[in-house]
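Just below is one structure, and these are the notes that go with it.
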Amino acid sequence: MNLNQNNAKDHLKGWKVGALFMEAGTGKTRVAMEIVNSSPCDEIFWVGPLRTLKNTQDEIEKWGGFNIPAVYCGIESIQASDRIYLDFRSKVEQASKPFIVVDESLKIKNYEAKRTKRLLEIGHMAQYKLILNGTPMSRNILDMWAQMQFLSPLIINMTLGQFKDTFCCYTTITKKRGYKSYYREFITGFENVDYLYSLIREYVYQCDLNLKITQNYHTLYYELSEEEKMIYNDIKDEFLSYEMMDIWNNNIFMAMTQKMQHSYCC
C-alpha cells in the first residue's frame with residue numbers, strides 16, 4: 001500500500017467504526033479490505049451502488065480478496081426491493097460478528113429517505129462498520145448526521161433536531177393556503193464547525209488526490225444574435241413574472257440554482 005493508504009489504516013486502527021473520505025484513485029477500497037481483514041469479524045457485508053459493485057468486487061479480488069465470506073448488495077436494491085432488503089437484513093442478523101461497509105456514503109445523508117432508514121436499521125446489528133466516499137467530506141454539514149448515526153449514535157450523541165440547532169443556521173418559511181399552513185426550511189449557514197470536527201475527527205480519514213497535471217485555459221468569445229437576445233429576454237420575463245414569483249413563493253432563484261446544481265451532478 002502507498003503512504004496515504006497506510007496513513008488511513010493507521011488512523012482508524014483500534015476503532016470499530018470509521019469513515020474514509022478519499023478521492024477516487026487514492027485506494028480507499030484497498031484500505032477498506034485491509035481494515036476488514038485485520039478485524040475479528042466472521043463475515044463482511046458490502047453495500048454499494050449497483051453501477052460500481054462489480055468493479056469493486058474485481059478490485060478486491062485483485063488485491064487478494066477478503067479472508068472471510070463476503071456478501072454484496074446494491075444500495076438501490078435495498079431501497080427498492082422489500083424482498084432483497086429483508087434477505088440482506090436476515091443475513092446480517094444471523095452473522096455472529098458482521099462487518100458492514102457502505103460505499104458512497106453520501107447516499108445515506110437524507111434521514112427521511114427509505115434507504116437511509118433501512119441502512120440505519122441494519123447498522124444497529126453490527127459493531128464493526130465502515131463508510132466510504134470518493135469525495136471529500138461534504139460541505140453540507142447536515143449530511144454528516146445520518147452518516148455518523150450509521151457508524152454509532154454515540155459519536156455525535158444528538159437527535160437530528162439538536163444537531164440542526166447546534167450546527168445549522170436556518171430560516172423557516174410559512175405559507176398558508178386556506179386553513180392549512182406549509183413549512184419549509186432553508187439552511188443559510190453553519191456554526192460551531194470546529195466543535196463538530198472535534199466530535200468526529202478520530203473516526204474520519206480524509207485524503208485528496210493530488211495530481212501534478214498542467215492545466216491549459218482557453219478563452220472563447222461569443223455574442224448573441226438579435227433573435228437569440230429576444231428568446232433570452234422572453235424566457236427571463238417568464239421566470240421573473242409576478243405569476244411565476246407567486247407560484248414559487250419568491251424562491252425562483254433558489255429553484256433555478258438547485259436545478260443547475262442537479263444538472264451538474266448528473
Side-chain angles (χ1 to χ4, degrees), residues 12 15-22 28-29 31-33 35-36 39 41-57 60 66 68-138 140-164 196 199-200 203-206 265:
L12 298 180
W15 299 103
K16 294 182 178 180
V17 299
L20 294 172
F21 294 123
M22 301 172 66
K28 64 182 183 297
T29 302
V31 177
M33 186 194 76
I35 291 175
V36 171
S39 74
C41 296
D42 61 355
E43 194 163 1
I44 167 69
F45 296 87
W46 189 288
V47 182
L50 285 171
R51 71 179 188 279
T52 62
L53 210 54
K54 181 61 170 63
N55 291 336
T56 298
Q57 294 181 58
I60 290 172
F66 294 115
I68 55 177
V71 177
Y72 294 88
C73 188
I75 292 177
E76 299 87 348
S77 300
I78 286 178
Q79 175 180 349
S81 173
D82 293 342
R83 179 186 61 81
I84 293 177
Y85 162 66
L86 291 174
D87 180 64
F88 187 79
R89 183 182 185 276
S90 176
K91 290 177 180 177
V92 175
E93 198 171 19
Q94 292 172 12
S96 60
K97 191 169 288 186
F99 197 125
I100 302 177
V101 176
V102 175
D103 199 358
E104 289 202 24
S105 63
L106 280 180
K107 290 186 177 294
I108 58 172
K109 65 182 180 180
N110 182 5
Y111 179 70
E112 297 299 324
K114 181 192 291 187
R115 63 171 173 262
T116 300
K117 292 180 179 180
R118 288 184 167 182
L119 286 171
L120 288 176
E121 185 175 348
I122 292 173
H124 291 325
M125 302 176 183
Q127 292 184 351
Y128 289 82
K129 287 167 283 189
L130 195 62
I131 59 176
L132 317 177
N133 205 57
T135 58
M137 193 181 302
S138 174
N140 185 353
I141 289 177
L142 193 59
D143 294 348
M144 296 305 301
W145 185 83
Q147 296 180 68
M148 294 298 113
Q149 194 77 0
F150 170 79
L151 292 179
S152 172
L154 298 178
I155 294 178
I156 295 179
N157 200 24
M158 297 180 188
T159 64
L160 181 58
Q162 291 171 332
F163 184 88
K164 289 167 62 177
L196 174 61
L199 295 176
I200 68 176
Y203 308 96
V204 174
Y205 181 83
Q206 181 166 277
C265 292

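Residue indices begin at 1 and follow the sequence shown.
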Side chains of [X] and [Y] in contact at under 4.5 Å (non-hydrogen atoms):
{"X": "F163", "Y": "Q149", "value": "no"}
{"X": "E43", "Y": "K97", "value": "no"}
{"X": "Q147", "Y": "V102", "value": "no"}
{"X": "V17", "Y": "I155", "value": "yes"}
{"X": "F45", "Y": "I122", "value": "no"}

For [X] and [Y], work out which heavy atoms get closest and say how close.
{"X": "I68", "Y": "C41", "answer": "CG2-O, 3.5 Å"}
{"X": "I78", "Y": "Y85", "answer": "O-CB, 3.7 Å"}
{"X": "V92", "Y": "P98", "answer": "O-CG, 3.9 Å"}
{"X": "C73", "Y": "I84", "answer": "SG-CG2, 3.7 Å"}
{"X": "A95", "Y": "D42", "answer": "CB-OD1, 4.3 Å"}
{"X": "A126", "Y": "I100", "answer": "CB-CD1, 3.6 Å"}

Nearest 0.5 angstrom please: [X] [atom1] to [Y] [atom2], how far?
{"X": "T116", "Y": "E121", "atom1": "OG1", "atom2": "CD", "answer": "13.0 Å"}
{"X": "T29", "Y": "L132", "atom1": "OG1", "atom2": "CG", "answer": "6.5 Å"}
{"X": "K91", "Y": "M125", "atom1": "NZ", "atom2": "CE", "answer": "14.0 Å"}
{"X": "I60", "Y": "N55", "atom1": "CD1", "atom2": "CG", "answer": "11.0 Å"}
{"X": "M144", "Y": "L199", "atom1": "CE", "atom2": "CG", "answer": "11.0 Å"}
{"X": "F88", "Y": "S77", "atom1": "CZ", "atom2": "OG", "answer": "10.5 Å"}

Stepwise side-chain contact (heavy atoms from CB on, under 4.5 Å) test for K164 and L142: CA-CA 7 Å; K164 289 167 62 177; L142 193 59; 3.5 Å; yes
Are side-chain N/O atoms of S90 and Q94 paired as donor and acceptor at under 3.5 Å?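 Side-chain D/A pair, S90 to Q94: present.
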Per the side-chain contact (heavy atoms from CB on, under 4.5 Å) rule, which among Y128, Y72, F99 passes with I44?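 Result for side-chain contact (heavy atoms from CB on, under 4.5 Å) with I44: F99.
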side-chain contact (heavy atoms from CB on, under 4.5 Å) between D103 and K28, worked out: CA-CA 10 Å; D103 199 358; K28 64 182 183 297; 3.8 Å; yes
Derivation and outcome, salt bridge (Lys or Arg N to Asp or Glu O under 4.0 Å), residues D82 and R118: CA-CA 10 Å; D82 293 342; R118 288 184 167 182; 2.4 Å; yes
Tell me whether [X] contacts the main-chain N or O of [Y] through its side chain, where contact means a donor paired with an acceptor under 3.5 Å.
{"X": "W145", "Y": "I156", "result": "no"}
{"X": "T56", "Y": "T52", "result": "yes"}
{"X": "E76", "Y": "L50", "result": "yes"}

Counting heavy atoms not belonging to Q127, are there more than 12 under 6.0 Å from its CD?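 For Q127, atom CD is not crowded (no more than 12 foreign heavy atoms under 6.0 Å).
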Mind running side-chain contact (heavy atoms from CB on, under 4.5 Å) on L130 and L12 for me, showing each step along the way? CA-CA 10 Å; L130 195 62; L12 298 180; 3.9 Å; yes
Quick one, D87 with R83, criterion salt bridge (Lys or Arg N to Asp or Glu O under 4.0 Å). Give me CA distance, side-chain angles, the key distance, then yes/no. CA-CA 6 Å; D87 180 64; R83 179 186 61 81; 5.9 Å; no
Should the pair K129 and F150 be classed as cation-pi, given the thresholds of under 6.0 Å to the six-membered ring centre and 45° from the axis?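 Judged by the rule (NZ or CZ under 6.0 Å from the ring centre, within 45° of its axis), K129 counts as positioned above F150.
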Using the side-chain contact (heavy atoms from CB on, under 4.5 Å) rule, take Q57 and L53 through it: C-alpha gap first, then chi angles, then the decisive distance, then the call. CA-CA 6 Å; Q57 294 181 58; L53 210 54; 4.2 Å; yes
Parallel, tilted or perpendicular for F66 and W46, by the 30°/60° rule?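 Answer is tilted, since the angle falls between 30° and 60°.
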For residues 45-57, pull every pair meeting salt bridge (charged side-chain N to carboxylate O under 4.0 Å, His left out), keeping only residues two or more places apart or in separate chains. R51-E104, K54-D58
